[in-house]
Amino acid sequence: MSWMDRDSIKIHYEWIVSADPLAKETLILIHGIGLDMYSWDFIIPYFQKNYHILRYDLRGHGDSDAGSEQRTIDLLTDDLTFLIAELKIDAYHMIGQGLGGFVGVQIAGRRPQPLKTLILFSVPIHYPKQMGDKVATQRKRMVEGQTSMLAMGKEIVNKVCYLPSDPKITVLLNAYRKVSPTVYFELFHTGFGEAGVENLRKINVPILILSGSEDSIFPPELSSASLNFNPNARCYTVPQAAFMIQMDQPELTADWIDHFIRKHHDKSSDISLLDYDYQKHLTSQMYSEIRGMIEQAADRPQRLNELLVNTMQGFSVYVNGNRIFEGWGKRKAKQILVYLTIQQSVTREELCDTFWPEVELENARNRLRVALHHLKHLLERNNHSYAAPILITDREHVFLQAKILSDLHSHIEAIKITNRLPEGVQKTAKYKQLLAERTANMMPGLYDDWFLDLRNWIEKQWGEMSLFLADMYEKQSDVKSALEYLEIAYEYNGGENELIYERLLELKERRSNYKNKEI
């Protein structure tokens, strides 16, 4: 760890050399408000494989001095610009989270030549002012009379991580403990939006925007709205992740970023932008028409379609109670439909990267266009649907507009909810119910990497539930039930798990001895 003096202010930073001796490029990591540079700990090993890394504590955060000047985005931007110059960093990529993303956007807006790409984690470039003020007021009440943001951290830590663990919570609370309310609320407001939008429009390097699928604070819709301000931007939703994407999905996130950077290596960083007058009028008219559609819908309510998609016990689709039998084996209709029932709302780029990862973007977009047309025809051109469209597409987004019933989605949500329950009768009963729903032929015919990863995640959850129940019954000396659930655990965890196998043998021996005694 090192410190650098800037105008009598000490900036705490760390320079990490890549494990690749040929690495030439640097990732600059800018943490979010209230956090510190250790919030990147989980993802550092994956970044270090290919890049040098600079991470540091923002002014007034972690072990960096707060100084006497009022903390502003301009001041934080100047701090980072100073670090980059002093450390003589060439060929770098910036990764900013939350507030740190605004620092990245401001620097990128200046178009420094060494900057290659900009990656933003959960950065709401435009956030509704009224809601922002309300959130700020709520957070001020949490720390009223306190000298740090720790009390607030304890309240929100379960929201910023997906299934928070002790290591994640420790890192986060240690960071909140070091930030004063004065510093925090100087920076926590919605006043960056206008400048952020203007800077975003100026950026001429590729931009990757990531958001967590489970982020309830800055949901994916907020991040994807930034696509309206820069045609160089692409937006992905990271599955099973909340605000702290780099903690929840470190390996996947690092892989996506590395793929994004490599994809743009051979392209000129001077990418021409679309005419901003056109962009401005397009955005304005789009939202105007959307508001008009909402008002019309309120005046003349349309009957909502009911879409039932089953994949747990074989694949079937029903629209308003009528089964759609044919057409699912063509143009990835089945894959896209099931993906949409899980993800709810996605971008076109996300679908392209998920289902045509090896295809050039323009070719993938054309395939997606044909696939969406086919899917829309299956769902809406069968005399079973009502007037309201089921599949909605615009320039960037794709989503389903219907009352959606999905056994797979319901099962996934039930797992998430049950995992958060305290140990007791209710959690035990729900785990038993979820295990009773498991099937050997889940998601038939869905072999894309995304579905295989999802299947692996679900089966891992089944294995952990089974171990939980086996442990509980063994403590209760119910050997029969413990064996039943331990065998399930072995099915999903056990191929290489000698401990579970040894436990199975031990329990079977105990059960056999018990029966012999009865005889």
Side-chain angles (χ1 to χ4, degrees), residues 1 3 10-14 16 29-47 53 55-66 71 76 95-103 121-124 132 135-189 210-212 214-219 238 240-251 253 416 419-423:
M1 304 299 170
W3 281 264
K10 290 188 182 298
I11 301 174
H12 182 229
Y13 74 94
E14 182 180 19
I16 302 173
L29 311 181
I30 318 169
H31 64 75
I33 188 169
L35 304 177
D36 62 18
M37 70 180 188
Y38 300 109
S39 62
W40 302 101
D41 278 357
F42 292 74
I43 202 169
I44 289 288
Y46 302 103
F47 282 155
I53 299 165
R55 61 173 177 172
Y56 72 107
D57 290 331
L58 294 174
R59 181 180 291 234
H61 292 68
D63 292 321
S64 288
D65 292 343
R71 272 62 52 168
L76 300 183
I95 304 177
Q97 180 171 45
L99 174 83
F102 284 97
V103 175
F121 287 13
S122 301
V123 181
V135 173
T137 299
Q138 291 172 342
R139 295 192 176 185
K140 286 178 181 178
R141 288 173 184 163
M142 293 179 189
V143 296
E144 191 171 358
Q146 305 291 314
T147 58
S148 79
M149 297 302 297
L150 180 59
M152 183 212 70
K154 291 179 178 178
E155 290 291 327
I156 70 170
V157 70
N158 289 329
K159 294 182 180 179
V160 298
C161 293
Y162 175 70
L163 300 180
S165 62
D166 287 342
K168 296 179 187 178
I169 292 172
T170 298
V171 170
L172 294 173
L173 294 186
N174 283 341
Y176 288 124
R177 186 180 286 111
K178 295 181 179 180
V179 181
S180 73
T182 300
V183 170
Y184 187 91
F185 291 110
E186 278 181 355
L187 295 166
F188 188 82
H189 57 79
L210 298 180
S211 58
E214 310 303 318
D215 190 347
S216 59
I217 299 175
F218 298 129
V238 182
Q240 280 88 53
F243 177 76
M244 297 304 297
I245 298 169
Q246 69 271 37
M247 286 185 169
D248 293 332
Q249 290 280 23
E251 185 174 9
T253 302
K416 295 176 186 176
N419 282 340
R420 294 188 175 101
L421 291 176
E423 292 188 13

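In this text, all values refer to a predicted model and were calculated from it rather than measured experimentally. When a residue number appears, it is its place in the shown sequence, counting from 1. The figures here come from the full heavy-atom set of this structure, side chains too, leaving out hydrogens, waters and symmetry mates.
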Carefully, step by step, assess Arg420 and Asn158 under the rule side chain to side chain contact (heavy atoms under 4.5 Å, CB included). CA-CA 10 Å; Arg420 294 188 175 101; Asn158 289 329; over 6 Å; no
Minimum heavy-atom separation for [X] to [Y], with atom names?
X	Y	result
Pro181	Met149	CA-SD, 3.6 Å
Asp215	Ser122	OD2-OG, 3.4 Å
His31	Asp57	NE2-CA, 3.6 Å
Cys161	Ala242	C-CB, 3.7 Å
Val123	Gln97	CG2-C, 4.4 Å
Ile30	Gly100	CG2-CA, 3.5 Å

With [X] via ring pair (Phe, Tyr, Trp, His ring centres under 6.0 Å) - residues at least two apart:
X	value
Tyr184	Phe188
Phe218	Tyr127, Phe243
Tyr56	none

Say whether, by atom type as modelled, one donor and one acceptor occur between the side chain of Ser64 and the main chain of His12 under 3.5 angstrom.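 Yes.
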Is there a donor-acceptor contact under 3.5 Å from the side chain of Arg71 to the main chain of Ala66?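 Looks like yes, one N/O pair under 3.5 Å.
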Considering only heavy atoms from C-beta outward, does the side chain of [X] approach that of [Y] to under 4.5 Å?
X	Y	result
Met244	Leu35	yes
Phe185	Val143	yes
Gln246	Ile95	no

With rounding to the nearest 0.5 Å, note down the distance linking [atom1] in [X] to [atom2] in [Y].
X	Y	atom1	atom2	answer
Tyr162	Gln240	OH	CD	5.0 Å
Thr137	Arg139	OG1	CZ	11.5 Å
Ile16	Ile53	CD1	CD1	4.5 Å
Gln146	Met142	CD	CE	12.5 Å

Decide side chain to side chain contact (heavy atoms under 4.5 Å, CB included) for Thr253 and Phe121; before the verdict, give the C-alpha distance in whole Å, the side-chain angles of both, and the deciding distance to 0.1 Å. CA-CA 10 Å; Thr253 302; Phe121 287 13; 3.6 Å; yes
Apply side chain to side chain contact (heavy atoms under 4.5 Å, CB included) to Leu187 and His61, showing your working. CA-CA 12 Å; Leu187 295 166; His61 292 68; 4.0 Å; yes
Could you list the donor-acceptor pairs under 3.5 angstrom formed between side-chain atoms of residues 37-45 and any protein atom two or more places apart in sequence or on another chain?
| unit_1 | atom_1 | unit_2 | atom_2 | d |
| --- | --- | --- | --- | --- |
| Ser39 | OG | Asp36 | O | 2.8 |
| Asp41 | OD1 | Arg55 | NH1 | 2.6 |
| Asp41 | OD1 | Arg55 | NH2 | 3.3 |

What residues, two or more places apart in sequence or in another chain, satisfy salt bridge (charged side-chain N to carboxylate O under 4.0 Å, His left out) together with Lys416?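 If we apply the salt bridge (charged side-chain N to carboxylate O under 4.0 Å, His left out) test to Lys416, skipping adjacent residues, the hits are Glu214, Glu413.
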Which pairs pass salt bridge (Lys or Arg N to Asp or Glu O under 4.0 Å) with one or both residues in residues 165-184, sequence neighbours excluded?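 Matches after skipping sequence neighbours: Asp63-Lys178, Lys168-Asp248.
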